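See structure below.
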Amino acid sequence: MTDALTRTTARTAAGITLEEGLELLRKMTLIRRFEERAARLRAAGFIPGFLHPCSGQEAVAVGISAALRKDDVLTSNHRGHGHLMGRGADPAQMYAELFARSTGYNAGKGGSLHMIDADLGFLGANGIVGGGIPLATGAALQLKRRGSEAVAVTYFGDGASNEGAFHESLNLAALWKLPVLFVCENNLYGEFTRQSEHMVLENVADRAAAYGLPGVVVDGNDVLAVKKVAEEATERARSGMGPTLIEAKTYRHKGHFEGDMARYRPKEEVEAWLKRDPLLLFPEVLREELGATDAELDAVRESVEAQLDRDIEWAKEQPHPTPEDALRHVYVDSHNGKALR
Amino acid sequence: MTDALTRTTARTAAGITLEEGLELLRKMTLIRRFEERAARLRAAGFIPGFLHPCSGQEAVAVGISAALRKDDVLTSNHRGHGHLMGRGADPAQMYAELFARSTGYNAGKGGSLHMIDADLGFLGANGIVGGGIPLATGAALQLKRRGSEAVAVTYFGDGASNEGAFHESLNLAALWKLPVLFVCENNLYGEFTRQSEHMVLENVADRAAAYGLPGVVVDGNDVLAVKKVAEEATERARSGMGPTLIEAKTYRHKGHFEGDMARYRPKEEVEAWLKRDPLLLFPEVLREELGATDAELDAVRESVEAQLDRDIEWAKEQPHPTPEDALRHVYVDSHNGKALR
Amino acid sequence: MTNFTFADGIRQAIAEEMDRDPAVFVIGEDVGESGGVFGVTKGLWDRFGPDRLWDSPISEEAIVGAAVGASLVGGRPIAEIMFSDFSMLAMDMIVNQAAKTHYMTGGKLSSPMVVRMITGTNGSTGAQHSQSLESWFTHVPGLKVVAPSTPEDAKGLLKSAIRDPDPVMFFEHKGLYTGRGGPAGDVVEVDPIPFGVGRIHRAGTDVTVVSYLKTREYALAAAETLAEEGISCEVFDPRTLVPFDYEGLRASLEKTGRLLIAHEAPARGGFGAEIAAWAAENCHDVLRSPVMRVGGHNTPIPYAPVMEQFVLPMTERITDSIRALVQNPSRQLQSL
Amino acid sequence: MTNFTFADGIRQAIAEEMDRDPAVFVIGEDVGESGGVFGVTKGLWDRFGPDRLWDSPISEEAIVGAAVGASLVGGRPIAEIMFSDFSMLAMDMIVNQAAKTHYMTGGKLSSPMVVRMITGTNGSTGAQHSQSLESWFTHVPGLKVVAPSTPEDAKGLLKSAIRDPDPVMFFEHKGLYTGRGGPAGDVVEVDPIPFGVGRIHRAGTDVTVVSYLKTREYALAAAETLAEEGISCEVFDPRTLVPFDYEGLRASLEKTGRLLIAHEAPARGGFGAEIAAWAAENCHDVLRSPVMRVGGHNTPIPYAPVMEQFVLPMTERITDSIRALVQNPSRQLQSL
Ligand SMILES: Cc1ncc(C[n+]2csc(CCOP(=O)(O)OP(=O)(O)O)c2C)c(N)n1
Ligand SMILES: Cc1ncc(C[n+]2csc(CCOP(=O)(O)OP(=O)(O)O)c2C)c(N)n1
Ligand SMILES: [Mg+2]
Ligand SMILES: [Mg+2]
């Protein structure tokens with residue numbers, strides 16, 4: 001009884017139910033474990049392309065997606081695995097794609113950098129820094145044109161905010177009040193370059209003022225805080241008030257890409273951020289505010305590990321494309337395998 | 001005696017001598033008359049390409065250049081005639097270029113859109129909206145590298161501030177404290193589109209905050225005000241403090257290009273701005289604050305008209321290029337007239 | 001005689017497709033209320049309004065990017081690039097995004113959109129407003145490339161482009177518009193014209209002259225002059241560069257045994273190289289003499305009319321080249 | 001044996017030119033302190049410091065624009081484009097500005113600068129990190145285009161590029177670097193190599209195989225295999241595409257009478273088309289059989305290794321093509 005009471009109280013305090021909280025934790029855990037295994041699988045030769053791991057940034061992807069509806073659409077950047085899984089993508093198909101199999105999300109043609117889930121409205125990771133920003137803006141334009149309440153979300157980094165695509169898109173979206181969330185994951189670095197060496201401002205969100213749209217800074221390692229600003233921003237967008245720039249302050253635990261030892265980062269900085277690991281912080285919230293038990297928390301982790309075991313096994317069994325499959329999909333009307341001359 | 005006294009007092013008030021004031025007026029008058037004659041010469045068939053007249057915006061070009069030194073460099077946009085003459089370019093060679101003659105500034109290869117005066121550090125008008133902004137930024141980088149105190153200036157419009165080139169350049173310049181003046185001539189329109197239909201903000205200068213550089217709004221029809229902000233900005237730049245974004249509010253008296261009737265502008269707006277014509281305002285300043293006489297003011301106009309008479313006559317006599325001249329100047333080392341295969 | 005200009009063809013195709021399909025919309029600089037710098041979209045604003053014509057800020061990357069993004073979620077955008085030279089600013093969205101969407105996603109998504117590229121040299125607009133870059137886009141798998149030369153083809157091909165499931169680069173030579181587009185001319189009914197089918201504008205037996213866009217006019221004029229001299233030219237307009245009507249061209253070469261390609265773009269790296277290379281590979285058996293290209297000279301476009309005309313492959317240069325080709329079939333030829 | 005990689009060649013050329021001329025500097029993303037994503041500029045930071053190596057924000061247009069602007073006032077910039085695919089974002093600065101500066105100004109200004117374009121397919125980097133777009137730049141009058149295939153050529157040609165008075169597009173195939181550039185290898189002295197002079201890597205009499213960048217390796221391997229079968233290939237590397245060594249190529253064709261061009265870029269619209277077209281125009285008298293191109297297939301670059309390898313023109317496809325060309329000189333050939 002006390003247990004149930006505590007939970008009710010806590011539920012109110014955190015604005016979510018324990019079940020919802022455990023689901024957020026499950027997604028964050030899934031992303032982290034997915035990335036850790038991907039690194040090992042790459043080392044073992046299963047993944048031919050490069051990987052940009054998002055470990056440490058899980059709370060952003062999961063918090064944002066928690067505010068979305070089924071018909072919303074998303075674009076992403078090179079560090080997109082978390083964004084996909086936050087949206088509910090299937091790790092099995094993701095691994096199959098990383099393994100370059102024909103049943104992967106992109107039929108083995110895309111890999112990490114271009115991964116999509118069309119059914120979830122996930123329009124793709126992107127190999128071009130800033131490249132996803134105009135795409136989401138355009139998607140939002142079409143959503144608005146057809147009178148839908150759906151919103152578009154685009155994820156990008158601090159470094160991407162220096163690209164012309166950022167500027168032009170935010171201006172367009174603000175001007176036309178397009179339903180789009182510009183979500184900047186500020187992890188303090190673009191590749192090996194610190195933020196202070198690529199821009200003068202401390203907050204990317206402060207750039208919003210240049211276009212007349214609201215800019216919000218949020219703790220990107222606090223999944224509930226991210227969820228809250230995303231709810232406000234989607235609410236704004238759905239009611240025709242236009243876009244929001246959300247800057248989530250976060251940190252990538254690993255290097256820029258798998259293999260980068262990230263020696264350019266001060267040890268103290270890394271250590272401080274590891275203490276703010278969202279996968280340490282959020283279980284505490286669940287425990288303290290929602291009364292989650294050790295058993296419940298352990299169960300999340302165990303179910304994730306079991307799922308990934310199965311997913312990887314499945315993915316490893318998937319068929320490779322044939323060489324000639326390379327000739328398909330150049331044009332929609334050339335599915336017959338003959339490239340258009 | 002009273003006369004002399006008035007002048008001395010006035011000189012102090014306006015921060016310039018009468019001689020300097022008359023020279024500013026001469027330049028502004030030169031630009032206006034140059035443009036008026038160019039329109040007629042185009043109608044008469046002397047100018048084959050299109051023209052973007054700058055009548056009404058003279059005070060910006062003249063005020064900025066008044067703050068510059070000999071070794072400073074400039075880039076411009078499609079509406080560049082005033083910027084050239086403000087810097088002291090030779091109208092005769094400008095007309096020769098507009099007439100597509102081989103002794104024109106660009107040997108007949110550039111026309112209005114690409115006009116330069118290399119000796120004056122005028123690196124060119126530009127046919128690409130926003131195109132001159134990165135060029136000035138790069139020039140400033142090299143000026144800084146070689147330890148010079150020179151600055152680079154770039155002129156562009158309100159519409160150009162929506163191009164990615166603006167964003168990337170301002171960020172780079174602010175970050176590296178480059179000696180550059182970003183001069184936005186806000187004439188309220190980009191082609192046929194009002195500013196409120198291409199951006200949400202009222203002041204382009206407010207975009208400076210997004211990069212951490214100062215943004216200043218100035219009355220672009222007040223040549224002395226422009227000169228003053230330019231002096232402050234060049235001073236900043238020369239002392240290593242970096243770039244400034246100057247927004248000069250002004251108005252083009254004519255259409256976007258020669259031939260555009262500009263029916264998209266409300267009559268009242270046009271009339272209000274015509275009352276603020278810099279060529280009406282500044283003579284009043286000269287008269288009231290520096291005691292200029294009618295005779296002095298008339299002399300300016302007459303000398304300009306006489307000069308332009310001579311310049312046009314000279315330009316009309318200039319030789320046309322040969323067809324084969326088209327093959328020269330593709331590469332620096334192919335001056336022999338044979339295009340590189 | 002009907003008063004139906006190339007600009008009318010474009011305008012009518014857009015209007016009819018907008019009537020047919022609410023997903024179709026136009027985005028670009030001053031395409032709406034003002035009717036465009038060339039007057040091509042004039043009148044559409046009153047009929048269709050701001051939800052179908054999006055007057056955009058001067059942001060080419062965002063314009064084309066918005067088109068790509070909209071196309072991913074059911075839109076059928078037509079992005080206008082006022083001068084194709086400005087497409088340099090939107091190249092990532094064209095080449096890295098739109099062209100590759102379908103492929104990179106393993107066929108799961110596609111990007112059905114049109115980029116209207118107003119192109120070519122027309123009256124001293126200078127090096128940054130006159131370029132012909134169509135060959136670039138033929139080198140980007142995933143893009144289709146259309147290059148009409150008549151008002152009817154403009155209308156029929158644009159309709160097909162708008163309905164096409166893939167991204168289409170649609171080139172309009174500003175020298176073909178006829179002035180500033182003027183008031184709406186007569187309406188001519190034109191059905192969608194399938195891609196990949198060339199058109200023989202004049203049948204002949206001595207030489208096949210391939211040309212498109214504005215240059216087709218010069219090629220036809222050359223053919224007329226040469227007919228008087230007893231040289232019979234077949235003027236072949238491929239109309240679409242990707243896909244290309246190689247069957248049609250082969251059939252023509254089997255008749256004539258000689259090939260000359262004329263286009264405004266600089267010869268080096270122009271699409272004429274691709275046609276010539278294809279013929280050298282595949283029609284060695286029927287070619288009686290060397291192939292020949294007549295392109296723009298390998299220079300930027302100069303301002304002065306006398307130089308501008310010189311670099312373009314106009315009637316006289318084409319005429320002289322055909323004459324040289326036909327009269328000296330075995331000699332080694334230097335392009336004129 | 002010396003330990004001198006392609007990456008060493010690039011690094012040493014930059015270092016030696018920076019020593020020679022204080023106007024030379026490098027600008028790009030992570031080119032400085034970190035030594036670059038490919039390690040190519042590793043070690044230069046310690047020697048030359050931040051005034052010679054500008055670590056830039058992720059702003060390709062501003063990077064190349066800064067290079068152009070600096071070049072106008074006495075700088076000798078080397079802009080690095082980390083993956084040549086990203087040059088799409090800087091295309092205006094390359095094509096509308098740098099390439100045309102000298103021409104548009106009637107020879108009064110020029111833009112001496114180098115854009116290092118790290119290019120090509122190398123290990124499942126996917127459609128936006130693998131493209132080969134060198135042919136585009138050959139179509140832009142005012143640009144020079146360099147495409148070295150050996151460490152020595154990389155060093156000698158980059159020195160020439162840096163000293164060149166015009167804008168130079170310098171292509172470096174990432175598959176040639178040898179790993180991540182590694183620690184500085186041996187220093188090999190190389191003088192500047194003049195543009196427009198090809199190099200015969202293997203002399204032969206039956207067929208001239210033109211190839212460059214990474215594909216030259218495959219062409220050489222094919223030549224070795226075929227030598228055992230009694231087919232003698234001359235492997236001709238033009239080294240620079242603009243200017244191109246047409247005299248050298250003609251001399252080779254006079255010996256062999258057959259031409260095959262192999263490059264990684266998609267065949268359609270690739271530079272092979274230009275070479276083939278030129279030969280069809282100018283070497284009809286010496287060609288004994290159709291010319292033949294072996295290019296990348298006309299697709300974006302796929303991720304899966306098995307597909308990626310398939311679309312590239314690797315040794316086997318080149319070998320088979322040469323065999324077909326030499327053994328069936330009169331038949332109409334379809335590129336393999
Ligand atoms: C247009 C472009 N420029 C450069 C790159 C190379 N690159 C890939 S990721 C990256 C850093 C991006 O930084 P940021 O936007 O902060 O995202 P993060 O990697 O930190 O998540 C760079 C420079 C690219 N892929 N695309
Ligand atoms: C990249 C590019 N896009 C579009 C154009 C066409 N264009 C020429 S001037 C102009 C308007 C520019 O507006 P603004 O920057 O405000 O300058 P203004 O003409 O008002 O002086 C446009 C759209 C161009 N020349 N270049
Ligand atoms: Mg970052
Ligand atoms: Mg304006």
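Reminder, nothing fancy here: chain letters follow the sequence lines and each chain counts from 1. Please read these numbers as outputs of a predicted model, since none were measured by experiment.
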Hey, what do you get for [atom1] ([X]) to [atom2] ([Y]), rounding to the nearest 0.5 Å?
X	Y	atom1	atom2	result
D:Met93	C:Met88	CE	CE	12.5 Å
D:Lys100	C:Asp85	NZ	CG	7.5 Å
C:Glu60	D:Asp92	CD	CG	9.0 Å

- request: Report yes if the side chains of C:Glu274 and D:Arg293 come closer than 4.5 Å at any heavy-atom pair, otherwise no.
  value: yes
- request: Compare all side-chain heavy atoms of D:Val95 with those of C:Gln131 and state whether any distance is below 4.5 angstrom.
  value: yes
Which answer fits [X], side chain, backbone, both or neither, if we ask what part of it has an atom under 4.5 Å from a heavy atom of chain C?
X	result
D:Glu61	side chain
D:Ala267	backbone
D:Ile301	backbone

How close do [X] and [Y] get, counting heavy atoms only, and between which atoms?
X	Y	result
C:Ala277	D:Val291	O-CG2, 4.5 Å
C:Pro290	D:Glu281	CB-O, 3.6 Å
D:Tyr103	C:Pro300	CE2-O, 3.4 Å
D:His139	C:Leu133	CD2-CD2, 4.2 Å
C:Val242	D:Arg268	CG2-NE, 3.6 Å

message: Please classify the contact between C:Val140 and chain D as side chain, backbone, both or neither, with a heavy-atom cut-off of under 4.5 Å.
response: both
task: Considering only heavy atoms and a distance below 4.5 Å, find which of D:Gly270, D:Gly272, D:Ala279, D:Gly296 pairs most often with chain C.
output: D:Gly270
- prompt: So which of D:Ala265, D:Ala276, D:Ala280, D:Ser87 has the largest heavy-atom pair count under 4.5 angstrom toward chain C?
  reply: D:Ala280
field: For D:Phe83, all residues meeting ring-ring contact (aromatic ring centres under 6.0 Å, His included), sequence neighbours excluded
entry: D:Phe38, D:Phe86, D:His129
query: Hey, what's the ring geometry for D:Trp136 with C:Trp136, parallel, tilted or perpendicular (30° and 60° as the breaks)?
result: parallel
query: Partners of D:Ser84 by side chain to side chain contact (heavy atoms under 4.5 Å, CB included), sequence neighbours excluded?
result: D:Met117, D:Thr119
